[in-house]
Structures are given as C-alpha cells and as structure tokens.
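FYI, the numbering just counts along the sequence from 1. Counting starts at 1 for both ligands and their atoms, following the listed order.
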Amino acid sequence: MKPYTRSAIRDISERHGFRRADSLGQNFLVDRNIIEKIIDAAELNQETLVIEVGPGMGALTQMAAEKAGKVIAIEIDRHLIPVLNEVLGPIENVEIINRDILKTDINELIVAERKNFSDSGRELKRVVILGNLPYYITTPIIMGILEKEVDMDTMVIMMQKEVADRIVATPGGKTYGALSIACQFFCETNYVTTVPRTVFQPQPKVDSAVLRLDKRKELPWEIGAGGRELFFKVVRAGFNMRRKTLLNALSAMGIDKTDLKDILKSVEIDPSRRAETLSIQEFARISNKIGRQREL
Ligand code: SAM
C-alpha cells in the first residue's frame, strides 16, 4: 500500500471511516518525488533512529523505515492509528505512538532506543527528527526541541515557506528575527527545497519548504556572563520593537539609557542600529557585556 496517492488516501479514508480534522493541520503529501527528496536530505542508514512528528497516513514513515534502523512515529489523532497499523503493520522497525508531540519527552524515547540498539548488538549513531509538521504548531515544535535540548543530530522538517524563510534569514532583511536567531544559534540551517501547495491533499493556502537543521556540536559563539537566558532576553527585547533603535528597544529591559549607550559603544555597536541588522555574534557581545556589568 502506497499511502501517498490521492486514490489511496480516498480509499483508506473510506474503509476506515476516517474524517480529516482541519484543526490538526492534516494536509497529506501526495507526491513521491517530494517524499524522496525529504528522505534523501535526511541521509538515513541502519545506524539512524528517526523520530517522526505527525506521520498522518505514513507517507514519509514507510520510506524512512526502508532506510533507517528504527522509526518512532508520534501521531496525535487516534483515528489515524488503525490506518497507520494497516499501512505500516508489516514493517518491523516502526513503532507508532498515539500522543501529542508537545507533551512527549523525546529524550526519554531516545535513551530507551539507545539501549534497544545496543542490546541487539547495533550502534545508534544518529538521531533524526523528521516531519511534515502540522502547521498550527510549527514554531512550538521546533522551539520545544531546541529549548529542551533534545539529544538529536538533525531535523529534516517541512513547514510553511514563510516560516522556513524566517528560520534561514540572514541579518538585514524583514524576515530576520528572534526565530532565525534561535534556530541558527543551536543549528546550521539549510534550505532543502520549496514545495508547491499542489502536492498536498487537501491543498493548503500557502506553499511549503523543507529545511535541514544540523545541531551544532560546539557553539561558535561564547555566551559568558548571564548565559543563554540573558542572551535570548536581549534578542527578544531587540525584536519586540524591531522598528526602534537598539537603544530604545533594549531600554525596555529596564536598563538606564545612558548606561546602555555606554554598553553598546564599549562593544562597538552603534546604538542607533536596529536589531534586524545584528548578527548572532553581535547580540552575544551585547548580552555578555550586560551580564558582566550585572555581576559587578
Ligand atoms: N506526514 C504526513 C504526510 O506528510 O502526509 C502527515 C502530515 S500532516 C501536515 C501533520 C500530521 O501531524 C497530521 O497527521 C496530524 O494529525 C499530526 N499532528 C497534528 N498535531 C499533532 C501533535 N500535537 N502531535 C503529533 N501529531 C500531530
């Protein structure tokens, strides 16, 4: 059973009495080429564990399982579980979990799977998070994975193109913001491909894009005094009022403007610049300086 053709989706839905839940962002992929592109970008092999977010009817799951050592697919909609059991039932290296991804402890799953791999004399070398993400929670899913420091190596994920553009954006443009910085702080981000809206059933209103995010083994920027918490506070304050100068935007953190001016000048950043022109390095310089001053 190939669950990625329009006729198969219609047929499976009819047989299982499945009704799509609009509220769960259920747009199923119906294009084999795109599925192959996503799977190729993930570079799976027998030493890879895949955690899939929202398998739907198993379009990506089936192909991922052909290459990966194991696939754990987490689907919130219980009405899709019988469908997944039928489509993926005969495949041994797939585990389906009926749960909300936002309430799932992914690290716990990974720890258990590391043990399973080693108990069966295999090595687990890479963990890949895969998914055609439900659009209504794209950002919370990505931020949850980054903030909870999920022990993964790579994410290959599809989302609305507009969100993908924001994630890979570089300083200077309108799309560059706190989401770009959060993702690029922890990961190297790569734009894999644009996906037209026509390859989904039903067709969404916007185009999509696939990104590959590789978790950095070491962070290339030093976050010293104040740590990550202060760094992200500075980033958020900067972008909360992105049209204002840094001096005005950052003063909302409760720092006296004269002190702030001195801080910015001491790290060689013009106080009249706007947050959207600053690189991660520059934000790090500011937050490190604020942190050091607070320690005095
Ligand atoms: N992977 C399938 C495909 O590409 O055809 C389906 C992708 S569809 C865009 C998103 C899937 O995520 C749906 O199956 C939906 O039920 C599921 N989903 C929505 N919210 C979820 C959540 N909080 N946790 C887990 N799965 C969720």
- Just go through Pro134, Ser208, Gly25, Gly131 and tell me whose heavy atom is the nearest to atom 8 (S) of ligand 1. Gly25

- Item | contact_flag Tyr136 ligand 1 heavy-atom lt 4.0 Å | yes

- Message: Check this for me - ligand 1, Leu29, N or O atoms closer than 3.5 angstrom, yes or no?
- Response: yes

- Query: For ligand 1, which atoms have a heavy atom of Asp100 less than 4.0 angstrom away?
  - Reply: 22 (C), 23 (N), 24 (N)

- Val53 to ligand 1, any heavy atom closer than 4.0 Å: no

- Task: May I ask you to list the atoms of ligand 1 that are less than 4.0 angstrom from any heavy atom of Gln26?
- Result: 13 (C), 15 (C), 16 (O)

- Message: Could you tell me if the side chain of Asp105 sits less than 4.5 Å from the side chain of Leu109, heavy atoms only?
- Response: no

- Part of Thr61 with heavy atoms under 4.0 Å of ligand 1, whether side chain, backbone, both or neither: neither

- Item | Note: Asp153-Lys217 ion pair, threshold 4.0 Å (strictly below) | yes

- Item | Side-chain donor-acceptor pair present, Asn45, Thr48, cut-off under 3.5 Å | yes

- Can Leu102 be said to touch ligand 1, with heavy atoms closer than 4.0 Å? no

- Measure from the ring center of Phe232 to the ring center of Phe185 and say whether it is less than 6.0 Å. yes

- Task: Answer with yes or no whether Lys103 contacts ligand 1, where contact means a heavy atom under 4.0 Å from a ligand atom.
- Result: no

- Message: Quick test: of every protein heavy atom, which one is nearest to atom 26 (N) of ligand 1, and how far off is it to 0.1 Å?
- Response: Ile76 N, 3.3 Å

- Note on the structure: What one should report as the nearest heavy-atom pair of Val267 and Arg285 is O-NH2, 2.8 Å

- Query: With a cut-off of 4.0 Å, which atoms of ligand 1 are near a heavy atom of Leu24?
  - Reply: 15 (C), 16 (O), 19 (C)

- With heavy atoms of Ile74 as the reference, note each atom of ligand 1 found under 4.0 Å away. 25 (C), 26 (N)

- Contact atoms of ligand 1, heavy-atom distance to Asn27 under 4.0 Å: 7 (C), 8 (S), 9 (C)

- Note on the structure: A student comparing Gly54, Gly56, Ser23 should find that the heavy atom closest to atom 1 (N) of ligand 1 comes from Gly54

- Message: If you take the nearest heavy atom of each of Glu75, Glu52, Arg20, which one is closest to atom 14 (O) of ligand 1?
- Response: Glu75

- What atoms of ligand 1 come closer than 4.0 angstrom to any heavy atom of Phe28? 5 (O), 6 (C)

- Task: Flag the pair Tyr191 / Asp165 as yes when at least one side-chain heavy-atom distance between them is below 4.5 Å, and no otherwise.
- Result: yes

- The closest protein heavy-atom partner of atom 24 (N) of ligand 1 is Ile101 N, 2.9 Å

- Message: Is it the case that the side chains of Arg20 and Gln26 hold a donor-acceptor pair, with the cut-off being a distance below 3.5 Å and no angle test?
- Response: no

- Less than 4.0 Å between a side-chain N and a carboxylate O, is that true for Glu162 and Arg166? yes

- Message: Between Glu282 and Arg273, does any side-chain N to carboxylate O distance fall below 4.0 Å?
- Response: yes

- Message: Is it the case that the side chain of Asp214 and the backbone of Cys187 share a donor-acceptor pair, with hydrogens and angles ignored and the cut-off at 3.5 Å?
- Response: no

- Heavy-atom side-chain proximity of Met57 to His16 below 4.5 angstrom: no

- Any nitrogen or oxygen of Pro55, main chain or side chain, under 3.5 Å from a nitrogen or oxygen of ligand 1? yes

- Message: Minimum heavy-atom separation for Ala73 and Thr61, please, with both atom names.
- Response: CB-CG2, 4.0 Å

- At a 4.0 Å threshold, what atoms of ligand 1 neighbour a non-hydrogen atom of Arg99? 24 (N), 25 (C)

- For ligand 1, is there an N or O atom under 3.5 Å from any N or O atom of Asn132? yes

